Amino acid sequence: MPEPEYSIVVETFTFQEGGDTERFFRVLDAAVSMAAEDGGEVLLIDVCGFPDLHAVLRERFPTARVVPALGMRYDDAKMKAAREAKGSYVLYLDGDCLPLPGWRDAMVAELRSGRAAVGGYTRYDGGYVAALESVMDFGFLYPCEPRPLECYAFNNSGFNRASMLEIPAGSPFLRCACYKHAQDFKRRGTPVWMVPKARVLHERQPLVRERTRQGFDKVAAAWADPTVREARWLRFRLPSVVSFYLIDVLLDWRRLAQARAPLGLSVPAWLSMFPLFPLVRRLDVWGMLRALAGGPVDGGWLGSMASERSDIGAVG
């Protein structure tokens with residue numbers, strides 16, 4: 001059998017954290033269906049090892065190759081998948097991110113053109129609140145146009161496998177070190193390239209948990225890569241939170257100005273979001289304070305958190 005051109009990697013990390021079961025299987029079904037069209041392969045990187053899950057996988061997705069990664073960190077598990085993939089290109093699709101039509105084709109086309117790394121367009125699935133949270137969590141994807149990215153979303157990304165192995169992802173301080181990883185590719189002269197047509201809908205996250213985690217990661221990203229601008233602020237310790245907070249709000253406003261069309265917002269809805277960012281970003285402050293007061297945590301704050309679920313529930 002010829003080697004596949006690409007490998008689609010789906011993970012159980014978000015599923016273990018409490019992601020919707022049926023959504024997880026819809027994502028896996030989409031990946032398997034795409035790969036069946038042209039001989040690609042699907043890897044399921046399994047960090048939880050639930051017996052019930054394995055039984056369903058064997059029955060419903062026999063062509064998906066399970067890669068055991070019990071207890072591994074998010075980035076480390078994805079790197080293990082890259083090492084075990086057979087494809088020349090590795091496409092990452094998280095278990096809570098539904099790909100929209102054309103996702104695989106857009107990713108593969110850019111990688112075939114010689115790109116070392118690409119990032120697709122991720123937004124939260126839903127209406128007004130989902131749009132607001134999309135700007136805060138995935139604002140680095142605006143403007144939504146082909147261009148080099150300063151950061152990418154690991155839940156919707158692709159890499160030349162050889163480049164991925166040469167420039168591995170990961171940091172002990174973060175659940176996901178995508179900002180540092182993007183900077184590593186940029187410093188090498190092969191920045192991560194934005195692919196607007198590679199679109200996914202991300203399951204919404206619990207607001208307080210996600211915002212405090214994002215706040216912690218804002219500080220932890222500076223620990224992970226001391227060369228970034230924000231690392232200079234850390235010498236001021238707790239007062240640096242003011243700088244992080246103000247910069248985040250200013251970026252929210254600027255990015256919202258670029259996001260109205262991609263998010264499909266009416267003018268009244270769009271205008272009403274501007275005063276909300278300073279309010280919601282206060283939740284991030286708690287995560288920042290936790291980081292600066294407590295210092296680094298192995299795997300990132302909440303990075304090692306898993307739900308207590310011991311089975312997959314009803315799958316229909």
Side-chain angles (χ1 to χ4, degrees), residues 13-14 17-20 74 94 96-97 122-142 150-151 153-155 171 173-180 201-224 228-231 233-234 236-259 263 265 269-307:
F13 202 101
T14 51
E17 288 181 322
D20 180 69
Y74 180 85
D94 274 9
D96 54 3
C97 292
T122 299
R123 61 155 294 174
Y124 285 121
D125 196 353
Y128 182 89
V129 177
L132 181 78
E133 293 171 342
S134 294
V135 174
M136 290 190 289
D137 288 353
F138 304 115
F140 48 82
L141 299 177
Y142 301 103
E150 294 294 316
C151 182
F154 215 163
N155 54 50
S171 166
F173 308 135
L174 290 159
R175 177 185 183 275
C176 178
C178 49
Y179 178 46
K180 177 184 183 301
L201 295 178
H202 194 303
E203 183 181 6
R204 280 192 61 211
Q205 304 298 295
L207 179 63
V208 175
R209 188 189 78 178
E210 187 64 18
R211 295 265 45 87
T212 51
R213 184 184 73 81
Q214 292 281 353
F216 183 96
D217 284 357
K218 177 70 66 172
V219 175
W223 290 331
V228 299
R229 175 193 59 188
E230 292 86 351
W233 303 343
L234 296 184
F236 299 113
R237 301 295 297 165
L238 295 180
S240 67
V241 170
V242 177
S243 297
F244 282 112
Y245 171 78
L246 291 176
I247 290 295
D248 279 344
V249 171
L250 290 173
L251 284 173
D252 289 335
W253 286 340
R254 187 177 77 182
R255 289 163 173 171
L256 181 61
Q258 301 163 331
L263 291 173
L265 295 170
W270 177 67
L271 291 173
S272 70
M273 286 184 180
F274 282 91
L276 296 180
F277 291 117
L279 301 176
V280 181
R281 281 288 182 189
R282 293 180 184 181
L283 293 171
D284 294 41
V285 170
W286 168 242
M288 296 179 204
L289 291 173
R290 166 66 177 79
L292 290 167
V297 176
D298 186 35
W301 191 33
L302 299 182
S304 60
M305 184 198 71
S307 70

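We're numbering straight along the sequence, starting at 1. Just so it is clear, the structure is predicted and the values come from calculations on it, not from any experiment.
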Next on the checklist: Quick check: closest heavy atoms across Ala131 and Leu263, and the distance to 0.1 Å?
Outcome noted: O-CD1, 3.7 Å

Item to check | Working for side chain to side chain contact (heavy atoms under 4.5 Å, CB included), residues Phe216 and Leu289 | outcome: CA-CA 8 Å; Phe216 183 96; Leu289 291 173; over 6 Å; no

Checklist entry - Are any of the side-chain heavy atoms of Gln205 and Arg209 separated by less than 4.5 Å? => result yes

Next on the checklist: Is any side-chain heavy atom of Glu210 closer than 4.5 Å to one of Leu283?
Outcome noted: no

Checklist entry - With sequence neighbours excluded, what pairs up with Asp96 under the side chain to side chain donor-acceptor pair (under 3.5 Å) test? => result none

Next on the checklist: Show the nearest heavy-atom pair for residues Pro275 and Leu279, with the distance to one decimal.
Outcome noted: O-CG, 3.8 Å

Checklist entry - Is the ring centre of Tyr179 less than 6.0 Å from the ring centre of Phe140? => result no

Item to check | Approximate separation, where rounding is to 0.5 Å, of Leu256 CG and Phe274 CZ | outcome: 4.0 Å

Next on the checklist: Could you work out, with side chain to side chain donor-acceptor pair (under 3.5 Å) as the rule, every residue matching Arg211, not counting sequence neighbours?
Outcome noted: Asp137, Asp284

Item to check | Check against side chain to side chain contact (heavy atoms under 4.5 Å, CB included), Val280 and Met136 | outcome: CA-CA 9 Å; Val280 181; Met136 290 190 289; 3.5 Å; yes

Next on the checklist: What's the separation between atom CE in Met288 and atom CZ in Arg290, rounded to the nearest 0.5 Å?
Outcome noted: 14.5 Å

Item to check | side-chain contact (heavy atoms from CB on, under 4.5 Å) partners of Arg254, counting only residues at least two apart | outcome: Leu251

Checklist outcome for this item: side-chain contact (heavy atoms from CB on, under 4.5 Å) filter on Cys178, not counting sequence neighbours, yields Cys151, Tyr152, Cys176

Checklist entry - Do Thr122 side-chain atoms and Ala153 backbone N/O form a donor-acceptor pair below 3.5 Å? => result no

Checklist entry - Under a 4.5 Å cut-off applied to non-hydrogen side-chain atoms, are Arg281 and Tyr245 in contact? => result yes

Checklist entry - Is any side-chain heavy atom of Leu201 closer than 4.5 Å to a side-chain heavy atom of Cys97? => result no

Checklist entry - Quick one: are Phe277 and Arg255 in side-chain contact, heavy atoms under 4.5 Å? => result no

Next on the checklist: Is there a side-chain contact between Tyr124 and Val135 in this structure, where contact means two heavy atoms from C-beta onward sitting under 4.5 Å apart?
Outcome noted: no

Item to check | Polar side chain donor-acceptor pair, Thr14 to Tyr74, under 3.5 angstrom | outcome: no

Item to check | With Phe244 via ring-ring contact (aromatic ring centres under 6.0 Å, His included) - residues at least two apart | outcome: Trp233

Checklist entry - Shortest non-hydrogen contact from Met273 to Leu265? => result CE-CD2, 3.7 Å

Checklist entry - Taking the six-membered ring for Trp, are Phe138 and His202 parallel (under 30°), tilted (30 to 60°) or perpendicular (over 60°)? => result tilted

Item to check | NZ/NE/NH1/NH2 to OD/OE distance under 4.0 Å, Lys218 and Asp248 | outcome: yes

Item to check | Electrostatic pair Glu133-Arg123, nearest N-O below 4.0 angstrom | outcome: no

Item to check | Under the ring-ring contact (aromatic ring centres under 6.0 Å, His included) test, residues paired with Tyr142 that sit two or more places apart | outcome: Tyr121

